[in-house]
Amino acid sequence: MSQTELGAPNDFIRAIIAEDLVRGKHERIVTRFPPEPNGYLHIGHAKSICLNFGISQENTPARCHLRFDDTNPTKEEQEYVESIKEDVRWLGFDWGEHLYFASDYFAQLYDYAEQLINQGKAYVCDLSADQIRATRGTLTEPGQNSPYRERSVAENLDLFRRMRAGEFADGSRVLRAKIDMASGNLNLRDPVLYRIMHTSHHRSGDQWCIYPTYDFTHPISDALEGITHSLCTLEFADHRPLYDWFLANLPVPAHPRQIEFARLNLGYTVVSKRKLLQLVNEGHVAGWDDPRMPTISGIRRRGYPPEAIRSFCDKIGVAKKESLVDVALLEHCVREELNQRALRVMGVLNPLKVVISNYPAGRSEELTAQNHPQQPELGQRQIPFSREIFIERDDFMEEPAKKFFRLAPGREVRLRYAYFIKCEEVIKDASGEIVELRCTYDPQTLGGSAPDGRKVKGTIHWVDAARSIEAEVRLYDRLFTEESPEKRGRSFTDCLNPHSLQILSGCRLEPSLAAAAPGQYFQFERQGYFCLDPRDARPDRPVFNRSATLRDTWKKVKGS
RNA sequence: UGGGGCGUCGUCAAGCGGUAAGACACAAGACUUUGACUCUUGCAUUCGCAGGUUCGAAUCCUGCCGCCCCAGCCA
């Protein structure tokens with residue numbers, strides 16, 4: 001259920017917005033999602049995207065801008081711009097005409113900087129980065145004024161223009177705001193507004209050799225776009241006084257309100273661009289879209305539907321408390337969504353051959369199966385059945401544990417949508433491994449029930465030996481063995497889960513799966529949810545990813 | 001020993017002076033041709049701690065305690 005359907009605002013940000021609307025402070029709400037195009041989006045960004053775009057959807061007529069915060073040409077690339085757009089769209093959001101780039105404001109930003117200089121509120125500082133750091137003071141001691149702090153307006157203007165003209169080397173000078181070197185808030189100790197970087201920008205090319213910093217760019221970009229509520233994460237709270245300072249000292253068209261909320265932390269995963277990059281670079285995963293990655297592209301490839309991500313973001317809420325969300329909640333949202341739409345099919349991951357000795361050799365038949373028992377409108381399909389089939393190895397125990405009600409010597413089970421079979425003989429190879437089962441079937445039980453009313457305790461899935469298709473199946477587990485790998489700092493890779501990926505080959509799937517298309521969701525009955533791997537699957541070589549397992553209470557009973 | 005933020009069930013999270021929502025997880029049971037789904041039931045005498053105000057406090061006041069963020073010419 002969306003926020004709107006719930007009626008009342010249910011987080012402090014929506015409460016603020018509702019209040020502003022009631023007071024008539026704004027005609028319409030305008031939010032923005034401002035990624036820096038220096039990496040791929042991840043689940044943490046999804047929270048911000050759902051918040052910003054969600055709020056705009058709930059307050060029609062409102063809008064949410066997609067703005068690339070591309071002020072640092074040394075880290076940003078066009079490639080990321082495209083992937084970010086794709087990910088936002090995939091999540092189900094639309095920025096309409098409102099696609100912006102901070103780099104498009106470079107000229108205006110420059111003018112505003114000159115205005116600050118003219119007001120005596122900014123100055124060109126010749127100190128080196130090291131010197132600036134050294135004179136910034138510490139958390140408990142005030143900083144020292146730069147010796148260049150009292151330059152005249154004319155000199156500052158001249159120097160700044162020459163910075164822009166490319167007369168000075170990288171790092172030789174910066175433009176700083178003149179605020180308060182003794183402030184308890186370090187962000188107010190004459191922050192840098194412009195730095196010299198003779199680097200070409202992915203959009204503005206070589207037009208500029210000075211680039212504005214985030215602190216200067218963000219509030220002005222927000223104001224120029226008429227953003228009403230600028231939502232960001234908690235670590236920017238300390239920057240708010242600076243954000244407000246710029247807006248108060250410059251003739252900007254609006255004064256957006258910055259509101260901070262806690263970023264998302266998810267158990268058994270890392271959500272930091274730097275760490276995700278490290279996982280990719282060190283080869284711990286196959287790439288940004290590895291299905292084990294918490295990136296949007298990884299999640300998509302894993303087979304999580306966008307609806308599940310949105311519902312997850314709704315459920316985790318928005319607050320200022322730093323929290324660690326249980327991955328079980330994400331998994332629940334994925335299952336909840338997939339349970340509704342995944343087509344049910346049968347696939348045997350670890351095949352054990354079963355020969356039905358009393359079924360006529362050479363004969364075969366087509367049995368009818370439901371595509372979704374709870375949704376008959378999703379139709380039926382035919383599945384082949386004959387004398388030789390495969391069942392799951394786990395569905396047979398030579399010496400059944402208590403409460404195990406699948407197949408065992410002398411026991412009878414139901415083959416889903418087919419017949420009852422009874423295990424008569426266990427065939428082993430020289431090393432004692434079970435290689436085949438000999439069973440008999442009861443022709444009277446076609447469809448799954450016995451005319452004499454006898455019941456079986458278990459129903460197992462199966463696949464026809466001759467007419468099943470072979471496939472590779474990839475099973476995923478959490479990437480880390482510890483719930484908070486981030487807490488380990490840079491050694492977070494020490495707790496990588498060695499079993500996070502299990503590749504099964506020789507799996508046998510019912511023939512209908514030969515027509516599986518990328519983007520389709522399936523439930524392999526009794527196993528979990530699967531989808532075709534969009535990258536590695538080929539018509540002659542299907543590869544399926546397991547998106548999520550089914551809840552398994554039996555696993556709890558047997559304790560494994 | 002500066003500044004900012006936060007502390008309500010195992011995990012998220014409502015609550016905004018009137019006597020602790022909901023979700024996930026967990027537990028028990030029902031149903032079941034997926035040990036799935038669905039359904040039912042249980043799950044904070046208590047809100048970091050200690051005082052105070054009040055007829056009444058998770059909500060107001062005071063003082064402690066704990067955790068997170070900030071010393072990039074990153075965002």
Side-chain angles (χ1 to χ4, degrees), chain A residues 10-11 15 34-36 38 69-72 74-76 125 127-129 132-134 136-143 170-176 182-189 191-197 210-211 213-215 217-218 232-241 260 262 267 273 314-333 335-336 339-340 344 346 369-370 373-374 403-406 414-418 420 445 447-449 455-461 483 523-528 549-558:
Chain A
N10 44 15
D11 62 63
E36 181 187 11
N38 70 342
D69 220 329
D70 55 352
T71 58
N72 187 342
T74 63
K75 309 173 68 171
E76 297 146 8
C125 181
L127 257 26
S128 68
I132 286 181
R133 188 178 311 120
R136 184 154 28 225
T138 68
L139 294 180
T140 53
E141 301 156 22
D170 285 8
S172 61
R173 274 174 245 260
V174 292
L175 180 71
R176 291 226 252 171
S183 173
N185 182 341
L186 305 216
N187 294 115
L188 264 20
R189 319 245 263 227
V192 171
L193 272 39
Y194 268 91
R195 65 286 218 200
I196 300 172
M197 289 197 263
I210 57 172
Y211 293 93
T213 56
Y214 163 87
D215 282 321
T217 309
H218 212 84
C232 62
T233 44
L234 253 27
E235 64 269 28
F236 290 100
D238 288 340
H239 295 242
R240 186 167 9 102
E260 312 85 20
K273 274 184 197 169
D314 268 355
K315 287 181 165 73
I316 58 176
V318 179
K320 299 190 81 157
K321 185 174 68 173
E322 298 255 24
S323 56
L324 180 64
V325 177
D326 193 338
V327 263
L329 181 59
L330 210 210
E331 287 163 0
H332 165 262
C333 293
R335 291 193 185 103
E336 185 179 50
N339 176 48
Q340 282 190 53
R344 311 290 124 126
M346 292 198 281
Q370 299 295 318
Q374 279 78 48
K403 289 213 170 177
F404 178 84
F405 40 80
R406 279 114 87 158
R414 171 166 41 232
L415 291 179
R416 172 136 245 226
Y417 296 122
F420 285 7
T445 57
S449 53
K455 303 288 184 198
V456 288
K457 205 71 157 92
T459 299
I460 63 174
H461 60 278
E483 194 173 21
Q523 183 197 92
F524 289 6
E525 292 204 31
R526 305 208 307 130
Q527 298 277 9
T549 59
L550 251 29
R551 283 186 67 230
D552 188 352
T553 47
W554 162 246
K555 197 156 77 181
K556 283 177 195 160
V557 173
K558 72 174 179 183

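Values reported hereafter were calculated over all heavy atoms of this structure, with side chains retained and with hydrogens, waters and symmetry mates removed. Residue numbering restarts at 1 for every chain, and letters A, B, ... go by the order of the sequence lines.
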Measure up the A/Y214 and A/H239 rings against each other and bin them: parallel (under 30°), tilted (30 to 60°), perpendicular (over 60°).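 A/Y214 vs A/H239 ring planes: perpendicular.
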Anything under 3.5 Å between a protein N or O and an N or O of nucleotides 27-31 of chain B, put it in a table, one pair a line.
none

Checking side-chain polar atoms at under 3.5 Å, does A/R133 have a donor or acceptor matched by the opposite partner on A/S128?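 On atom types as modelled, these side chains do not qualify, holding no pair under 3.5 Å.
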Looking only at N and O atoms, is any donor in the side chain of A/Q523 or the base of B/rU34 less than 3.5 Å from an acceptor on the other one?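 Checked by distance alone, the answer is yes.
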Is B/rG52 in the syn range, within 90° of 0, or in the anti range?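 For B/rG52, whose glycosidic angle is more than 90° from 0, the conformation is anti.
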Looking at B/rU32, I'd like to know if its phosphate oxygens (OP1 or OP2) sit under 4.0 Å from a side-chain N or O belonging to A/K457.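 So the side chain of A/K457 is outside the cut-off, no N or O lying under 4.0 Å from OP1 or OP2 of B/rU32.
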Rounded interatomic separation in angstrom, taking [atom1] from [X] and [atom2] from [N]:
X      : N      : atom1 : atom2 : answer
A/E331 : B/rC12 : CD    : P     : 16 Å
A/D326 : B/rC12 : CG    : P     : 9 Å
A/R335 : B/rC37 : CZ    : C1'   : 12 Å
A/D314 : B/rC12 : CG    : P     : 18 Å
A/H332 : B/rC24 : NE2   : P     : 4 Å
A/E336 : B/rA36 : CD    : P     : 17 Å
A/E483 : B/rC12 : CD    : P     : 8 Å
A/D11  : B/rA23 : CG    : C1'   : 15 Å

Nearest-Å distance once atom [atom1] is located in both [N] and [M]:
N      : M      : atom1 : value
B/rU46 : B/rA57 : P     : 14 Å
B/rG15 : B/rC60 : C1'   : 15 Å
B/rU8  : B/rG3  : P     : 25 Å
B/rC39 : B/rA20 : P     : 27 Å

[X] side-chain N/O to [Y] backbone N/O, donor-acceptor pair under 3.5 Å:
X      : Y      : value
A/T138 : A/T140 : yes
A/D326 : A/G267 : no
A/R189 : A/S183 : yes

So if I take every side-chain heavy atom of A/R406 and compare against B/rC37, B/rA13, B/rG35, which nucleotide ends up nearest?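 The nucleotide sitting nearest to the side chain is B/rG35.
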Return the nearest nucleotide to the side chain of A/K320; candidates are B/rC6, B/rC24, B/rC12.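 It is B/rC6.
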Does some side-chain heavy atom of [Y] sit less than 4.5 Å from a side-chain heavy atom of [X]?
X      : Y      : value
A/Q370 : A/Y417 : yes
A/R416 : A/R344 : no
A/M197 : A/N72  : yes

Across the strands shown, which category fits A/F405 at heavy-atom distances under 4.0 angstrom: base, sugar-phosphate, nothing?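 The residue A/F405 makes base contact.
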Students often get this wrong, so: under 4.0 angstrom with heavy atoms, is A/F404 touching a base, only sugar-phosphate, or nothing?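 A/F404: base contact, heavy atoms under 4.0 Å.
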If each of A/L329 and A/G317 is mapped to the nucleotide of RNA chain B with the nearest heavy atom, which maps nearer the 5' terminus, i.e. the 5' end?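 Upstream on the strand: A/G317.
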Treating primed atoms plus P, OP1 and OP2 as sugar-phosphate and everything else as base, which nucleotides of nucleotides 69-75 of chain B get B, S or - for protein heavy atoms under 4.0 Å? BBBSBBB
So, taking the atom named NE2 in A/H332 and the one named CG in A/L330, what distance separates them when rounded to the nearest 0.5 Å?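 So the NE2 of A/H332 and the CG of A/L330 are separated by 11.5 Å.
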